[in-house]
Amino acid sequence: MSDTGGRWALAATEGGGARLVALGPGGAPRGPVVTAPDLVTAVRDRPHVERWVWRSTPEIHPRLLDAGVRVERCHDIEAAEQLLLGHEGRLGEPRSAGAALARLRGGPVPPDPPPRSAEPGAQSSLFDPVPVPLPLESLVEVYGEQQRRLDATEHPGRMRLLVAAESAGMLVAGEMGRAGLPWRADVHRRVLAELLGERYAGGGEPRRLAELADEISAAFGRRVRPELPAEVIKAFARDGVRLRSTRRWELEEIDHPAVAPLLEYKRLYRIWVAHGWSWLQDWVRDGRFRPSYLPGGTVSGRWTTQGGGALQIPRVIRRAVVADDGWRLVVADVAQMEPRVLAAISRDPGLMEVAGHDGDLYALLSDRAFSGDREQAKLALLGAIYGQTSGDGLRNLAALRRRFPAAVAHVDEAARAGEEGRLVRTWLGRTSPRAVGRDEGDEAGLPQEAPEPAPGSGGSDGFTPGHSSADARARGRFTRNFVVQGSAADWALLLLAALRQALSGIRAELVFFQHDEVIVHCPAEEAETVARAIGRAAGIAGEAAFGRTPVRFPLTTAVVECYADAK
DNA sequence: AGTCCTCACCGG
DNA sequence: AACTCCGGTGAGGACT
């Protein structure tokens with residue numbers, strides 16, 4: 001092996017420099033500490049390093065991206081700390097490298113800095129308050145301890161994979177935020193004009209919304225502001241219609257001339273406030289929408305974004321997502337991801353057989369257990385995953401349980417764990433938080449294994465094990481869903497990591513990721529290569545995550561110029 | 001004036 | 001047919 005290969009630890013120093021050292025097995029230094037005046041050069045000069053160990057990807061990675069330096073892999077100490085704390089049932093304790101060091105040495109543990117507020121166009125975290133610089137020696141110490149803690153987890157191999165995948169996700173997030181989603185502001189403006197009409201100079205509602213508001217007022221015979229639910233409910237009450245809320249499905253039930261314009265108003269109002277002209281102004285620059293992605297932003301491991309609503313782009317607005325001239329968008333999403341994941345994690349033979357085909361999973365499922373009724377089969381399975389408490393899904397659960405006992409038992413056991421106050425884990429080991437809203441307070445000293453009463457705030461009196469309080473049942477639905485949704489997130493993370501590897505060396509760029517869907521922007525001539533690479537990455541992810549199972553993760557892939565044409 | 005909560009929507 | 005899981009976003013309004 002080359003002298004520069006293997007793992008290296010790197011710590012940033014004041015003024016753009018770095019100190020770094022090669023690591024041996026177990027994470028101990030196996031060479032002299034190098035002091036480099038320039039961090040970027042130090043990394044660029046060591047292309048054979050297999051994994052960089054650093055405090056936090058947002059601290060280091062943006063500088064490398066600025067200089068066009070790509071790294072193969074990293075170990076993000078703070079991301080790893082978060083996962084390890086979770087596995088240890090200590091989610092909510094400070095996750096910074098400094099906090100990890102303090103716990104290790106027994107000093108006072110500094111609280112984490114408050115999360116950054118959404119800032120349109122903010123590139124990475126350059127403006128974050130950077131905590132005290134952590135010396136290389138401290139970093140290596142924390143890393144070594146993390147290795148020991150990884151060895152102590154329930155499934156060390158899986159947990160190591162999770163930490164590696166989360167770290168890869170941090171790299172992908174940085175690169176994707178940098179690349180940006182191709183966005184045609186002119187197309188977006190045209191769509192807005194078609195839907196909403198002109199804007200008035202005063203900055204108030206656009207024409208179409210004003211017209212609808214007038215129609216609504218006319219239907220009530222008095223001035224009603226449709227964006228205020230309380231006012232709408234009162235107006236209906238005067239006309240003898242009682243409403244609990246102004247939610248769409250509730251309005252759809254009633255017969256009143258104001259309903260039709262009101263529903264249209266709500267649809268358009270939503271687009272105006274969430275993805276209208278001011279959004280465009282704030283978030284689109286130089287033909288790109290650049291959200292800031294946060295891997296593991298939710299407890300289940302799904303990503304979130306900070307600002308910009310990148311994970312809720314309405315379908316009509318997708319018309320503005322257009323590839324550059326001569327380029328294409330390769331849009332791929334997994335078909336029926338959650339039932340396939342349930343098959344893989346429960347190892348239910350019948351469900352694995354059904355999930356072992358690329359075709360419509362629900363159709364196959366209905367052939368096997370529901371005498372051909374696809375909708376019933378789908379509702380039953382989703383009901384089992386979501387913990388449905390009523391309706392058709394529940395009725396058909398019995399049939400599901402007969403045919404796929406291990407699958408149903410798997411989610412039932414997760415629900416029972418939640419109800420009893422126990423923790424549950426995804427397949428790779430991401431762990432549920434102990435209880436709702438326990439992110440501060442004086443919980444220290446509570447026994448690990450004892451169910452924990454909810455902290456005093458919030459009007460909830462917690463739950464009592466063995467009694468099925470509403471809180472306990474809600475907790476059960478959460479943990480039931482967590483094992484499936486979270487394991488799906490495990491898989492998706494591995495897909496991203498594999499795809500990132502596959503795209504290195506060509507011009508294609510990952511530009512979007514949303515739970516079960518990726519978009520790659522590439523020259524037209526690379527589109528077929530990219531489409532095949534995504535399919536291969538899905539297979540690699542399935543086997544890496546869940547081992548050898550018959551379960552397949554087929555992708556629906558489209559090569560398009562406009563995102564809106566993908567479905 | 002700033003903070004927190006609720007509502008309602010979007011999307012998976 | 002009912003509205004169960006997860007989260008982000010903005011506006012309004014109650015509160016300090």
Side-chain angles (χ1 to χ4, degrees), chain A residues 114-115 117-118 120 205 225-233 243-253 262-276 278-279 282-283 291-294 296-318 333-338 341-342 375-376 378-397 411 414-415 418 424 426 432-433 436 457-459 470 473-486 488-489 492 512-518 567:
Chain A
S117 60
E205 290 179 320
R225 286 175 297 172
E227 76 275 23
L228 301 183
E231 212 169 305
V232 172
I233 289 175
L243 287 176
R244 264 189 60 255
S245 73
T246 64
R247 287 188 165 82
R248 180 156 41 112
W249 60 84
E250 212 172 321
L251 289 173
E252 281 165 351
E253 298 297 306
L262 193 50
L263 290 174
E264 180 69 354
Y265 183 95
K266 291 162 89 75
R267 183 177 79 87
L268 296 176
Y269 178 80
R270 170 73 194 164
I271 290 169
W272 178 49
V273 299
H275 287 94
S278 56
W279 180 92
D282 288 343
W283 288 101
S292 162
Y293 293 90
L294 187 62
T298 75
V299 288
S300 68
R302 283 185 166 187
W303 292 22
T304 59
T305 57
Q306 300 174 325
L311 302 186
Q312 296 96 227
I313 303 170
R315 297 208 173 262
V316 283
I317 301 297
R318 293 180 184 182
D333 73 316
V334 196
Q336 305 111 19
M337 175 155 74
E338 294 189 349
V341 167
L342 176 57
E375 272 311 290
Q376 280 195 10
K378 178 179 173 181
L379 286 173
L381 195 49
L382 293 178
I385 294 171
Y386 291 154
Q388 193 163 16
T389 51
S390 63
D392 284 354
L394 197 65
R395 234 187 9 250
N396 293 318
L397 191 58
V411 286
V424 296
T426 68
S432 64
V436 284
S457 64
R473 286 193 302 274
R475 177 95 188 135
R477 286 195 300 275
F478 168 68
T479 50
R480 174 194 292 271
N481 187 251
F482 181 94
V483 295
V484 180
Q485 189 189 96
F512 189 68
F513 166 60
Q514 170 176 244
H515 311 315
D516 65 347
E517 178 179 9
V518 294
K567 281 183 186 171

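Labels below follow one simple rule: chain letters A, B, ... track the order of the sequence lines, proteins then strands, and each chain is numbered from 1.
Within 4.0 Å of A:Arg267, counting heavy atoms only, lies no atom of the nucleic acid at all. Residue contacts for A:Ile313: at a heavy-atom cut-off of 4.0 Å it reaches the sugar-phosphate backbone alone, with no base atom in range. When heavy atoms are screened at a 4.0 angstrom cut-off, A:Phe482 is found touching no nucleic acid atom at all. No contact: A:Arg244 has no heavy atom under 4.0 Å from any strand. Nucleic acid contact for A:Gln485: base, since at least one base atom lies under 4.0 Å from a heavy atom of the residue.
Nearest nucleotide to the side chain of A:Val273, out of C:dG7, B:dG11, C:dG10: C:dG10. Checking C:dC5, B:dA8, B:dG12 against every side-chain atom of A:Lys266, the shortest atom distance belongs to B:dA8. The A:Arg318 side chain lies nearest to B:dG12 when the options are B:dG12, B:dA8, B:dC10. Nearest nucleotide to the side chain of A:Gln514, out of C:dT4, B:dG11, B:dC10: B:dG11. Among the nucleotides C:dA11, B:dA8, B:dC10, the one closest to the side chain of A:Tyr269 is C:dA11.
Within the model, atoms NZ of A:Lys266 and CG of A:Leu251 stand 5.5 Å from one another, a figure rounded to the nearest 0.5 Å. Rounded to the nearest 0.5 angstrom, A:Phe512 CZ and A:Ile313 CD1 are separated by 4.5 Å. With rounding to the nearest 0.5 Å, the separation of OG1 in A:Thr305 from CG in A:Leu311 is 4.5 Å. Taking OG of A:Ser432 as the start and CZ of A:Arg475 as the end, the distance is 5.0 Å to the nearest 0.5 Å.
The two residues A:Arg302 and A:His515 come nearest to each other via the heavy atoms CD-ND1, 3.5 Å.
Using modelled atom types and a 3.5 Å distance limit, the side chains of A:Tyr265 and A:Glu205 yield a donor-acceptor pair.
Taking atom CD1 on A:Ile271 and atom C1' on B:dG11, their separation rounds to 13 Å, with Å as the unit. Spacing between atom CZ of A:Arg225 and atom P of B:dA8 amounts to 16 Å, rounded to whole angstrom units. If you measure from atom CG of A:Leu262 to atom C1' of B:dC9, you get 13 Å, rounded to the nearest angstrom. Taking atom CD of residue A:Glu253 and atom P of nucleotide C:dA1, one finds them 11 Å apart after rounding to whole Å. The distance between atom CZ of A:Arg477 and atom C1' of C:dC6, rounded to the nearest whole Å, is 13 Å. Here the P atom of nucleotide B:dC7 and the CD atom of A:Glu231 are 17 Å apart, to the nearest Å. Residue A:Ile233 contributes atom CD1, which lies 14 Å from atom C1' of C:dG12 at whole-angstrom precision. Between A:Gln312 atom CD and C:dG7 atom P there is a gap of 12 Å when expressed in whole angstrom units.
When the nearest nucleotides of DNA chain C are assigned to A:Trp249 and A:Thr298 by heavy-atom distance, the more 5′-ward of the two goes with A:Trp249. When the nearest nucleotides of DNA chain C are assigned to A:Phe478 and A:Glu252 by heavy-atom distance, the more 5′-ward of the two goes with A:Glu252.
Taking side-chain N and O atoms only, A:Ser245 has no distance below 4.0 Å to OP1 or OP2 of B:dC7. In this structure, A:Arg473 does not reach the C:dT4 phosphate: none of its side-chain N or O atoms is under 4.0 Å from OP1 or OP2. In terms of phosphate contacts, A:Arg247 brings a side-chain nitrogen or oxygen within less than 4.0 Å of OP1 or OP2 of B:dA8. Side-chain nitrogen and oxygen atoms of A:Arg315 include at least one within less than 4.0 Å of the OP1 or OP2 phosphate oxygen of B:dG12.
Taking 3.5 Å as the limit, the base of B:dG12 and the side chain of A:Arg302 contain a donor-acceptor pair of atoms between them.
When the local axes at the two ends of the helix from B:dA1-C:dT16 to B:dG12-C:dC5 are compared, using 5 base pairs at each end, they differ in direction by 10° after rounding to 10°.
The side-chain contact (heavy atoms from CB on, under 4.5 Å) search around A:Arg270 returns A:Ala274, not counting sequence neighbours.
Ring geometry for A:Trp279 against A:His275 counts as tilted: the plane angle lies between 30° and 60°, on a 0 to 90° scale.
We find that A:Glu264 and A:Arg267 are joined by a salt bridge, their nearest charged nitrogen and carboxylate oxygen being less than 4.0 Å apart.
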